[in-house]
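Report on one structure; see the data block that follows.
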Amino acid sequence: MTQDELKQAVARAAIGYVVDGEIIGVGTGSTANFFIDELATIKDRIKGTVASSEATAARLKGHGIPVFDLNDVESIAVYIDGADEIDASGAMIKGGGAALTREKIVASVSKSFVCIADGSKLVETLGKFALPVEVIPMARNAVFRQLAALGGQPKVRVKPGSDEPFVTDNGGHLIDVAGLSITDPVALENTINGMVGVIAVGLFAARGANVCLLGTAEGVKSLRWQG
Ligand code: 5RP
């Protein structure tokens, strides 16, 4: 199976976690896009969605699926999203698609987090994928120096084909930190959250996944954690 077929398989399996009559939180990225396309086939069963990015909102609306502003929603039954890496404890690196801050916000309001990922995303230790950190633009270089002091190799994400910093849906800039071996994801999440000027870090460890649907050649495997 190709990576896209594995992503499609987990997206289809995630429909089993959609709660009828409820609001569903929807992530961002290619796996989340497959999920949105599956969700369209059962859109009449749900009340609507909250999107984790402008791109996701546009795709949901394109399918005629209602998208609510999070400020108008008290709770979300389930949040369904991909990941760049996930470890055996359910901690994840996210933000390769630049949506980490809104993903974290929507996930924080959701009763459970279902991660959908192809098997290549399951790792023993997080950190091979460069860790995204969203920052207030004026704090970019100050945070950059603090991230370098942690031992990684930070790099400012740039717009494709340009030297200009990439700008997120929130007007933030992104620093991707390579070369970290993240043996204590919760501690590192807290440390980076404590840096003034950081909007969010793409470590989802203090609030990790409750379920991971993992696409493998042998079929969709499910991993579960308390929460
Ligand atoms: C976006 C994300 C995505 O979930 C992550 O990058 C995985 O993307 P894909 O499903 O395309 O592999 O965190 O900010």
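Numbering of ligands and ligand atoms starts at 1, following listing order. This is a predicted model, so every value here is computed, not measured.
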(request) Mark yes or no: Lys159 above the aromatic ring of Phe166, with NZ or CZ under 6.0 Å from the six-membered ring centre and no more than 45 degrees from the axis. (result) no
(message) For atom 4 (O) of ligand 1, what's the nearest protein heavy-atom neighbour? Residue, atom name and distance, please.
(response) Lys94 NZ, 2.9 Å
(message) Need the ligand 1 atom indices (1-based, order shown) with element for anything under 4.0 Å from a heavy-atom of Lys7.
(response) 9 (P), 11 (O), 12 (O)
(message) Testing the 3.5 Å rule here: is there a donor-acceptor pair between the side chains of Asp4 and Thr2?
(response) no
(message) Quick one: does any side-chain atom of Asp84 pair with a main-chain N or O of Gly95 as donor and acceptor, under 3.5 Å?
(response) yes
(request) Would you confirm whether Thr56, through its side chain, and Ser52, through its main-chain N or O, come within 3.5 Å as a donor-acceptor pair? (result) no
(request) If you have a sec, work out which protein heavy atom is nearest atom 9 (P) of ligand 1 and how many Å separate them, to one decimal? (result) Ser30 OG, 3.3 Å
(request) Examine distances only and state if a side-chain atom of Asp72 and a backbone atom of Phe68 form a donor-acceptor pair shorter than 3.5 Å. (result) no
(request) Indicate, as side chain, backbone, both or neither, the part of Ser53 found under 4.0 angstrom from ligand 1 when only non-hydrogen atoms are considered. (result) neither
(message) Taking salt bridge (Lys or Arg N to Asp or Glu O under 4.0 Å) as the criterion, tell me which of Lys104, Lys121, Lys94, Arg102 meets it with Asp81.
(response) Lys94
(request) For Gly82, counting its heavy atoms only, list the atoms of ligand 1 lying under 4.0 Å from any of them. (result) 4 (O)
(message) Tell me the protein heavy atom at minimum distance from atom 3 (C) of ligand 1, and give that distance in Å.
(response) Thr28 O, 3.2 Å
(request) Would you check whether Gly95 has a nitrogen or oxygen atom less than 3.5 angstrom from a nitrogen or oxygen atom of ligand 1? (result) yes
(request) Could you go through the salt bridge (Lys or Arg N to Asp or Glu O under 4.0 Å) check for Asp20 and Arg45 one step at a time? (result) CA-CA 5 Å; Asp20 286 0; Arg45 277 174 37 192; 2.9 Å; yes
(message) For atom 1 (C) of ligand 1, what is the closest protein heavy atom, and at what distance to 0.1 Å?
(response) Glu103 OE2, 3.0 Å
(request) May I ask whether Ala98 places a heavy atom under 4.0 Å from ligand 1? (result) yes
(message) Tell me whether Thr216 contacts the main-chain N or O of Gly219 through its side chain, where contact means a donor paired with an acceptor under 3.5 Å.
(response) yes
(request) Have a look at ligand 1 and work out which part of Asp81, if any, has a heavy atom under 4.0 Å from it: side chain, backbone, both or neither. (result) side chain
(message) Tell me the protein heavy atom at minimum distance from atom 10 (O) of ligand 1, and give that distance in Å.
(response) Thr31 OG1, 2.5 Å
(message) Checking contacts here: is it the side chain or the backbone of Ala83 that comes within 4.0 Å of ligand 1, counting heavy atoms only? Could be both or neither.
(response) backbone
(request) Could you check atom 12 (O) of ligand 1 against the protein and tell me its nearest heavy-atom contact, residue, atom and distance included? (result) Lys121 NZ, 2.8 Å
(message) Regarding ligand 1, does Gly29 bring an N or O atom to under 3.5 Å of one of the ligand's N or O atoms?
(response) no
(request) Identify whether Leu6 and Val211 are in the same connected component of the hydrophobic contact network (ILVMFWY, side-chain heavy atoms under 4.5 Å). (result) no
(message) Quick check: do Leu150 and Val177 have side-chain heavy atoms less than 4.5 Å from each other?
(response) no
(message) Considering non-hydrogen atoms of the protein only, which is the closest contact for atom 5 (C) of ligand 1, and what is the distance?
(response) Asp84 OD1, 3.1 Å
(message) Out of all atoms in ligand 1, which are within 4.0 Å of some heavy atom of Ala99? Include the element for each.
(response) 14 (O)
